Amino acid sequence: MVSTQEELRQLSDRAVAHVLDRQGTDAGRRTGWLMISTIFIESWDLYSIAFLLLFIKDEYHPSPGMLGLASGAVQAGAVVGCLCGGWFADRFGRRKVFLGTMMAFIVLALAQSFATSMWQLVVIRFFLGLPLGSDISSGYAYIMESMPKGKREVMGNRWQGMFGLGEIVAIAVITTMYLSGIDHELLWRIGLGLGAVPAAILLIARLDVPDTASWLIQRGRFRAAKRVSQEMFGDPLDMLPDEDFHIGRPRTRDFLAGIWQDPIRRRASIFAWISNAMQGAEFAAFGFYLPVILVLTGVSGIGATNFVTGGIYVLATISGFVAPIMTPRIGHRGIAQWGYGMAFVSLLLAALFLHMDWKWLVPFAAAGLMWGHYWDASNGMTITSMVAPSRYRATASGFGYVFVKAASFVTIYLFPILFSHLGVPLATAIVSLLSLTGFLAATFILPEVYGYVESETSAGLQPKPNTVG
């Protein structure tokens, strides 16, 4: 019979470690796919505007700074959403957060279609970022707590593949509308508003997904936890009593201390934060503005640019699904090193080709960048979510995603100004230093954490990584 808070805490820690070391079921895999599909929604909104900027620019004639602000506002909103959403998910449960965020996204995605000025668009897109950032926090917590070790990492690393699918669909839809002759002022509004459609579908599909067993255990809701564990892992958690208890909620500000006191968890988290920032900035510069760069530098016209970019994103999507397959073979370090290395070389080549006016070679350099980027960006969120203490997992996921969104916002806002003053070739060469930083972090900071399973006891943190090789 457990009677004290310390005994309850020890029991809940053992139960969480036990359930995270179990094999999963079809229900757990379905939940994982539903959560990673969130990335498709974010991808649609983030990258559809990249192909619609030319039409928005023609209608409102914004300055380079305003154009960057409209593009990056959703990233700034996501920074706030990451932190708030992670805290809410740890405090009130994952289910309430992901249902609420999808509802908010549907409303705001439609609202941006009716913006009548650049400032209205900026404000709406800022608020649109709140549910996007929030949903990632709860979504990654779900993946790490609903699937078994190894498989949860593969699912988490699929986020770039899902990004690619969103990009391809956005390109296909926008190109079709453009070729059909739709008025350009109407085209960009429809393109942005259509993001509400997949969001509504995903919301309906998620309605029957329960909270995770780990979160329920940490809150003392043992009866519900046993039911969910049986559904997700085929394990009834016999170690827990068939009654609920009140377990005091730990202080959110202590999550960094929980990470810092263990060397593997600390080094992995530091790498993940650096990697998230580098990959976010790496893509937000050259990759995000690729359609604009191709048009403004004379590589291709608007119609041809969409086809060229579409082909590049098809290749990138393949890369995004190859990376998870390769993760069990070469580990997280290998994925990051190969990805950042290829992105670094490709950005230098792109800068050279643009400087020498070898325009026909620029798409090949862009394709190399995308292949590398979809590897190096695949595991930052996976690692930061996987190694986090379970009672702070959503908070840690949100905190890790802040680095992606903050870097993306700053870069999306500043890159148009940078290439207007320095020129696209030099600006692209400067961006390559971000990829180099990511490569060095993977080489000298990241320990191999593939197969990591946490074990938390009152005596401290005792991680048990399963290394590759």
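Numbers here simply count residues along the sequence, with the first being 1. None of these values were measured; they are calculated from a predicted model.
Scored by the side chain to side chain donor-acceptor pair (under 3.5 Å) test, Ser229 finds no partners at all (sequence neighbours excluded). Residues forming a salt bridge (Lys or Arg N to Asp or Glu O under 4.0 Å) with Lys226 (at least two apart in sequence, or on another chain): Asp242. With sequence neighbours excluded, the residues satisfying ring-ring contact (aromatic ring centres under 6.0 Å, His included) with Trp273 are Phe399, Phe403. In this view, Phe344 satisfies the ring-ring contact (aromatic ring centres under 6.0 Å, His included) rule with no residue, not counting sequence neighbours. Tyr401 meets the ring-ring contact (aromatic ring centres under 6.0 Å, His included) test with Trp159; sequence neighbours excluded. Considering only residues two or more places apart in sequence or on other chains, Phe40 meets the ring-ring contact (aromatic ring centres under 6.0 Å, His included) condition with none of them. Judged as a side chain to side chain donor-acceptor pair (under 3.5 Å), and not counting sequence neighbours, Ser146 has no contacts. The side chain to side chain contact (heavy atoms under 4.5 Å, CB included) check on Ala224 picks up Leu216, Arg227, with sequence neighbours excluded. With sequence neighbours left out, the side chain to side chain donor-acceptor pair (under 3.5 Å) criterion links Gln337 to Thr443. With sequence neighbours excluded, no residue forms a salt bridge (Lys or Arg N to Asp or Glu O under 4.0 Å) with Arg91.
A distance of 7.0 Å separates OG in Ser275 from CD1 in Ile383, rounded to the nearest 0.5 Å.
Checking side-chain atoms of Glu448 against main-chain N and O of Arg333 turns up a donor-acceptor pair under 3.5 Å.
Each ring pair (Phe, Tyr, Trp, His ring centres under 6.0 Å) pair with one or both residues in residues 125-156, not counting sequence neighbours, appears once here: Phe98-Tyr142. Legend: ring pair (Phe, Tyr, Trp, His ring centres under 6.0 Å) pairs involving residues 191-212, not counting sequence neighbours: none detected.
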Quick one, Ser378 with Gln160, criterion side-chain hydrogen bond (donor to acceptor under 3.5 Å, both in side chains). Give me CA distance, side-chain angles, the key distance, then yes/no.
CA-CA 6 Å; Ser378 67; Gln160 288 302 302; over 6 Å; no
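The 12-atom threshold is exceeded at CH2 of Trp371, counting heavy atoms of other residues, nucleotides or ligands nearer than 6.0 Å. Phe114 CZ: 12 or fewer foreign heavy atoms inside a 6.0 Å radius.
Partner of Asp244 under the side chain to side chain donor-acceptor pair (under 3.5 Å) criterion, out of Arg219, Arg223, Arg221: Arg223 alone.
Counting heavy atoms from C-beta outward, Arg152 and Leu20 have side chains that approach closer than 4.5 Å.
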